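In what follows, a structure is listed as structure tokens, so that the remarks can point back to it.
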Amino acid sequence: MKVAVLSIGDELLTGEVTDTNASHIADRLYGCGARVFRHLTVPDDDEAIVQALVELAGASDAVIVTGGLGPTPDDYTAQAAARAAGVELELSQEALDHLAEFEKRIERPLHPANRRQALVPGGCRLIPNPLGTACGFTVKIGRAELFFLPGVPYEMERMLAETVLPELQRRLPPPWRRITLKVFGIPEAAISERLEGAIPAGAPLQLAYCVKYPEIHVILRAATADAAQLEEAAAEVRKRLSRYLFAEDDETMDQVLARLFRESGLTLALAESCTGGMIAARITALAGSSAYFLEGNVTYSNAAKSRMLRVPPELIERHGAVSEEVARAMAEGAREAAGSDLALSVTGIAGPDGGTPEKPVGTVYIALADAETCRVERCNFQGDRTRVRSITCFTALNWLRQYLLSRHGAESPN
């Protein structure tokens, strides 16, 4: 089956909004056994949308379209779909009923302009939207089935999963299987070198790499009939990358860490400077984190480090806030204040200013204290402020993961 994706919206072409919908659709389709062979993005322009619909319909079995179903005058998708299909727009009573039910659910009146969202191509079939005001719809153009979905990601994703994918799956061959191994702490070139010869020559398998900073995903694919060979190859890759492998498939670093903390029974406190609470935010984003996370301190200023964590002012004066000594004092102070089993601290220079020849931008100290020891290391990260903070956060989470695996017998996620 040849499937195309059409994304509609000026904001996608100006860079004001990142098109996450297209990647999500491609990923979900691949899991069902289909691959996107083409992806187009067009502006909020009636003629451009019509041309794209006709072009893609002529070359595809199915087209998934997102965007342009809102209530404002620049939302042209429904009328462009009607033009491309050679039908008239009609007021759908089913869509009107949906708007009325949505209004009742949110307990406030909808703007009269929302009524425009009930205008759909004549003879189309509606796609239910359980989360928003705009119903989707399907139309036929030639041999192609076109599925129109809102551009709001959380609405689109639900409608795709509940209506579009089940319909397409009925027409698709058995899907390929995919195993995604998530790696951190080793560059892509070094991964490739380690995996040389891991896939036997001539095996019906695909090996691919995908960088999702700061993670690297190693992806193995095979047809369902070759599942045994896929599992054998995955086992070999796991063995070669075991030191750096932190999760597989849909599991995230945060989920792995949460599971390890629950298994270990240990508690945690944080002391963050350059990350400004990013580590605490990731840990507490998962339900149930109160079982092991006690508190987080964002001690951005030197005075806060001394007041909240009891870091001696003279220590900061002597070594600087970004130093091994202060990172250790922060971790030990956080652990003592919280009464936790573990405490982790980060202090660094995220930039763009503040660096020196001895401590350039990207210099970060991480410390992890338990009842017996305190491990401290200097890291030299590259990139702008956002990347330095991001990799500092991820590195800190990985430290916690490695500690729990090595010291307290928690099961490896791999």
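Fair warning: this is a prediction, and the values are worked out from it, not measured in the lab.
- Contact check on D370 versus R407 returns a salt bridge, with a Lys/Arg side-chain nitrogen under 4.0 Å from an Asp/Glu carboxylate oxygen.
- In R115, the CZ atom is not crowded: 12 or fewer heavy atoms of neighbouring residues, nucleotides or ligands sit closer than 6.0 Å.
- Shown here is E193, whose CD atom has no more than 12 heavy atoms of other residues, nucleotides or ligands within 6.0 Å.
- Between the side chains of E272 and T275, at least one donor N or O lies within less than 3.5 Å of an accepting N or O.
- Counted within 6.0 Å of CD on E317, heavy atoms from surrounding residues, nucleotides or ligands total 12 or fewer; the atom is thus considered open.
- For R243, the CZ atom counts as loosely surrounded, since its 6.0 Å shell holds 12 or fewer non-hydrogen atoms of other residues, nucleotides or ligands.
- Within 6.0 Å of atom CG in D250, 12 or fewer heavy atoms from other residues, nucleotides or ligands are found, so the atom counts as exposed in its surroundings.
- With F246 as the aromatic partner, K182 does not meet the cation-pi criteria of under 6.0 angstrom to the ring centre and within 45 degrees of the ring axis.
- Between F184 and F394, the gap from one ring centroid to the other is short of 6.0 Å.
- R221 forms a cation-pi arrangement with Y30, by the criterion of a distance under 6.0 Å to the ring centre and an angle within 45° of the ring axis.
- With sequence neighbours excluded, the residues that form a ring-ring contact (aromatic ring centres under 6.0 Å, His included) with Y292 are F261.
- Looking at R259 and E251, a side-chain N of the basic residue comes within less than 4.0 Å of a carboxylate O on the acidic one, giving a salt bridge.
- Residues passing the side-chain hydrogen bond (donor to acceptor under 3.5 Å, both in side chains) test with Y209: none are found, sequence neighbours excluded.
- If you take CG on L260 and CG on L266, they are separated by 10.5 Å, rounding to the nearest 0.5 Å.
- Applying the side-chain hydrogen bond (donor to acceptor under 3.5 Å, both in side chains) rule to D254 yields the partners R282; only residues at least two apart in sequence or on another chain are considered.
- Summarising the geometry, atom CG belonging to L400 is positioned 6.0 Å from atom CD1 belonging to I283; distances are rounded to the nearest 0.5 Å.
- Surrounding CZ of R378 are more than 12 heavy atoms belonging to other residues, nucleotides or ligands, all under 6.0 Å away.
- The nearest pair of heavy atoms linking L172 to C32 is CD1-O, 3.6 Å.
- Taking CG of D384 as the start and CZ of R389 as the end, the distance is 11.0 Å to the nearest 0.5 Å.
- How far CZ of R158 is from CG of L131: 5.0 Å, rounded to the nearest 0.5 Å.
- Here E231 pairs with R177 in a salt bridge; the nearest charged N to carboxylate O distance falls below 4.0 Å.
- Judged by distance alone, the side chains of T395 and N398 never bring a donor and an acceptor atom under 3.5 Å apart.
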